[in-house]
Amino acid sequence: MKKFWILCLVLAGCIAPEVKEELVWTVRQMQGAPAGEMGIELGVSACYAGTYNGWLLMAGGCNFPEIPASAGGKKRFYQGIYVADGSADSLLVWKKVGELPVEAAYGVSVSTPQGVICAGGTNQNGALSSVFRISLDKDATTAMVDTLPSLPCTIDNMGGAVLEHYLFIVGGNVNGAPSNALYCLDLDNPDAEWTRLPDFPGAPRTQSVCVAQRKGKDYRLYLWGGFAGAGEGHPASLSLDGYSYHPWERTWTQVAVPMGKDSVEISLGGGVGIACGDSLVLCTGGVNKDIFLAALKREEKMKRALAEGDNRAVDSLKSVAKAYMTMLPEFYRFNDKILIYNTVEDCWKEVVCSSQTARAGAALVGNGNVFFNINGELKPGIRTPEIVKIESGAKSYLAGQLVGRF
């Protein structure tokens, strides 16, 4: 009888059942890719990309369109600026609307209300220090490129983000050497110059993930992953650790290492990240920590063998390196876990496992609950033209039962 009355009260609305809610993520391949330059239809890595007034924008990038990298092919860099309607459901229709000042890739690109800022990078002639901002006319038929203050040195393969009205550039190859440097530019001050801020802790790193996001009431800069070849004073290294930078206190604090459901630490080096909501960071891709570190150490041994004139060791290492480049994509085990970092709780959650985002050198752009994972490498030297839409939606549950989605 007691159970009967409890049930009646619930049905009458006198006792409110518990309603739970969670984000559900979906991954879907889009159709359509830029084709305004010969070779770019094969896909690129390390392009500049962002969003502006509802348009997706991508520019530059590089690939090996003729002879594969494994056969000694020459890398080609691109210059075109392309846009597509960011509200497209399944087909992206890209149009070329202009060109970068030079062919370029491996820089930083961040979206702002005034345009997509592109900083540094490199091309066939060497590393760059230029910084510019791309915006569009009202019909999105022409790109306008405005010059911003150049970096104080050449920087490529770095991380970067905009926090309020400050542009931050982190790590990368600074004047050709892997670095721990942090630089900042005040975008609201037309006469501003770049400022050097405190270096981040740990090993120097290139191709790290850098995202600006809130932590409670404060904004922070977050940094994870990255790697560096052997250089003067440091061995080859691959970093898993992460840090947050408090811009007002000018201090770095260690944060949780990325990991998935299996509790195995994940390298985000070569991966991408973007702010999501008011306290989450969405991350995809990245190289496998064990396989890539072994490749870096092999390069270190090669440098040492060349310096010592050990021709036998050089020949052996070249043979291994050639075999490494010819393996199938599955061998390299790029990260296929889509991860969410919660800045308030300092924890990671694996939300989807998808081979479609197992890439290095991709771009990740978007806002709200819709993001686009653009191109990237399937394996060293092999790019993909695929663009994947990553979308989140909320599901509500009543006493363990799904009651709606919005």
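- Annotation: Lys322, atom NZ; neighbour count of heavy atoms from other residues, nucleotides and ligands within 6.0 Å does not exceed 12.
- At least one donor-acceptor pair under 3.5 Å links the side chain of Asn375 to the backbone N or O of Pro385.
- Judged by distance alone, the side chain of Thr51 and the main-chain N or O of Trp55 form no donor-acceptor pair under 3.5 Å.
- Ion pairing of Arg383 with Glu377 is present here, as a side-chain N (NZ or NE/NH1/NH2) and a carboxylate O approach within less than 4.0 Å.
- For the pair Trp25 (side chain) and Ile390 (backbone), a donor-acceptor distance under 3.5 Å is absent.
- In this structure, Asn63 contributes its side chain and Gly39 its backbone to a donor-acceptor pair below 3.5 Å.
- Although no hydrogens or angles enter the test, the distance criterion places no donor-acceptor pair under 3.5 Å between the side chain of Lys96 and the main chain of Gly80.
- Of the charged side-chain nitrogens involved, at least one lies within less than 4.0 Å of a carboxylate oxygen, so that Arg28 and Asp89 count as a salt-bridged pair.
- In this structure, Pro34 and Tyr78 have side chains that are not in contact, with every pair of non-hydrogen atoms separated by 4.5 Å or more.
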Let me have the donor-acceptor pairs involving side chains of residues 201-212, under 3.5 Å, with sequence neighbours excluded, atom names and distances please.
from: Arg205; atom 1: NH1; to: Gly225; atom 2: O; distance (Å): 3.0
from: Arg205; atom 1: NH1; to: Asp241; atom 2: O; distance (Å): 3.2
from: Arg205; atom 1: NH2; to: Asp241; atom 2: OD1; distance (Å): 2.9
from: Thr206; atom 1: OG1; to: Phe227; atom 2: O; distance (Å): 2.8
from: Gln207; atom 1: NE2; to: Asn157; atom 2: OD1; distance (Å): 2.9

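- A salt bridge links Asp199 with Arg196: the closest approach of a Lys/Arg side-chain nitrogen to an acidic carboxylate oxygen falls below 4.0 angstrom.
- Remark: the backbone N or O of Ala358 is not paired with any side-chain donor or acceptor of Asp336 at under 3.5 angstrom.
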Report, one line per pair, each donor and acceptor closer than 3.5 Å where one atom sits in a side chain of residues 287-294; sequence neighbours left out.
from: Asn288; atom 1: OD1; to: Asp290; atom 2: N; distance (Å): 3.0
from: Asn288; atom 1: OD1; to: Ile291; atom 2: N; distance (Å): 3.0

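- The closest side-chain heavy-atom distance from Lys74 to Ile67 is not below 4.5 Å.
- The shortest distance between side-chain heavy atoms of Val170 and Tyr245 does not fall below 4.5 Å.
- Between the side chain of Lys379 and the main chain of Met327, a donor-acceptor pair closer than 3.5 Å is present.
- Between the side chain of Asn180 and the backbone N or O of Phe200 there is at least one donor-acceptor pair closer than 3.5 Å.
- At least one side-chain heavy atom of Asn173 sits less than 4.5 Å from a side-chain heavy atom of Pro178.
- Residues Trp348 and Ile266 form no side-chain contact, since every pair of their non-hydrogen atoms from C-beta on lies 4.5 Å or further apart.
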